[in-house]
Amino acid sequence: MFYLSKIEHKLTLPPSLLALPIGEAIHTELERLFLDKVIANLGLCVSVYDIVSMEGGSIFPGDGAPTYLVVFNLIMFRPFPGEIITGKLVSSDADGLRLSIGFFDDIYIPTHHMPNPNRYEPENSNKNKGTWFWDYGEDIDSSFSINYTDEIKFQVQSVSYPPIPVEQPKESKPFAPMLVSGSLDQDGLGPVSWW
């Protein structure tokens, strides 16, 4: 789920940070640049772990800021396929579920990864929202719902990094640089209250 990734970056340090000790100034600028950003094939940056080395400090002609070559480690969030994670329900529609784990909200459970047999009941007031049910047995009493208050265990199926779109239609969802696809169709998965 969490990994250390070693990065080498040419960093231009803004003059406003030069009053700080150099290590602290570089750490502050690295956090500004990388924290809460997704790096393709590495994951979501959670924190700057440490600075391994910093070289340079050269000021190039026409530039008022020193430039350093910095090697540092980042703590990255990147779940692996097969991992079991617990999240909260953010939205439920006919396409499936969207979950959140607090600091990351782009987790999707498509309909084909819901427990079988299942059914979807849209709300009367809003057809784009509704509730998913797992029909465990033959009678109506053995139907389990997935509610917004539930903690939900899911298994990671895939992690993808879609290409950045050139243009997006106005009605489309906001672009997500990292998508996690999950599954609820195995024993022990789904709302914790089921088990």
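Residues take their numbers from the sequence shown, with the count starting at 1.
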Enter the distance from [X]:[atom1] to [Y]:[atom2] here, rounded to the nearest 0.5 Å.
| X | Y | atom1 | atom2 | result |
| --- | --- | --- | --- | --- |
| S193 | D150 | OG | CG | 4.0 Å |
| E55 | T67 | CD | OG1 | 13.5 Å |
| I75 | L44 | CD1 | CG | 11.5 Å |
| L74 | K37 | CG | NZ | 11.5 Å |
| L99 | F154 | CG | CZ | 6.0 Å |
| I152 | L97 | CD1 | CG | 6.0 Å |

Show me the donor-acceptor pairs, under 3.5 Å and distance only, between side chains in residues 101-115 and residues at least two apart or in other chains.
residue: D105; atom: OD1; partner: S100; partner atom: OG; Å: 2.4

Looking at residues at least two apart in the chain, or sitting in another chain, which of them share a side chain to side chain donor-acceptor pair (under 3.5 Å) with [X]?
| X | result |
| --- | --- |
| E83 | none |
| S181 | none |
| S145 | N147 |
| Q186 | Q155 |

Taking [Y] as the starting point, is it possible to reach [X] by hopping between hydrophobic residues whose side chains are less than 4.5 Å apart?
| X | Y | result |
| --- | --- | --- |
| L179 | V90 | no |
| F144 | F133 | no |
| I7 | V48 | yes |
| I22 | L20 | yes |

Which residues pass the side-chain contact (heavy atoms from CB on, under 4.5 Å) test with [X], not counting sequence neighbours?
| X | value |
| --- | --- |
| P15 | L18, A65 |
| V52 | K6, D50, V71, N73 |
| F175 | P162, I164, P165, Q168, P177 |
| V159 | P79, V156, Y161, M178, V180 |

Restricting to non-hydrogen atoms, name the atom on [X] and the atom on [Y] that form the minimum distance, rounded to 0.1 Å.
| X | Y | value |
| --- | --- | --- |
| S92 | L89 | CB-CD2, 4.4 Å |
| L13 | A25 | CD1-O, 3.7 Å |
| R119 | D135 | NE-OD1, 2.9 Å |
| S5 | M76 | OG-CG, 3.5 Å |
| K129 | Y120 | C-OH, 3.1 Å |
| G23 | M54 | CA-CE, 4.0 Å |

Worksheet item: Passes side chain to side chain contact (heavy atoms under 4.5 Å, CB included), I85 versus K153? Steps please.
Response: CA-CA 6 Å; I85 302 175; K153 284 190 176 184; over 6 Å; no
Discussion item. Filter on ring pair (Phe, Tyr, Trp, His ring centres under 6.0 Å), then keep only pairs touching residues 52-76, sequence neighbours left out; what's left?
Written reply: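 Checked against ring pair (Phe, Tyr, Trp, His ring centres under 6.0 Å) - neighbours excluded - the pairs reaching residues 52-76 are F34-F72.
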Worksheet item: Going through the distances and angles, do F80 and Y3 end up as a side chain to side chain contact (heavy atoms under 4.5 Å, CB included)?
Response: CA-CA 11 Å; F80 58 86; Y3 298 89; 3.9 Å; yes
Student check: side-chain heavy atoms of [X] and [Y] closer than 4.5 Å:
| X | Y | value |
| --- | --- | --- |
| L33 | L11 | yes |
| P14 | E29 | yes |
| L30 | I51 | yes |

Fill in: Pairwise salt bridge (charged side-chain N to carboxylate O under 4.0 Å, His left out) hits with a residue in residues 85-96, at least two apart
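The answer is none; no pair qualifies.
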Discussion item. Does I146 form a side chain to side chain contact (heavy atoms under 4.5 Å, CB included) with W194? I'd like the steps, not just the answer.
Written reply: CA-CA 9 Å; I146 300 176; W194 288 0; 3.6 Å; yes
Fill in: I84: hydrophobic cluster co-members (side-chain, 4.5 Å)
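Direct or chained contacts put I84 with L189.
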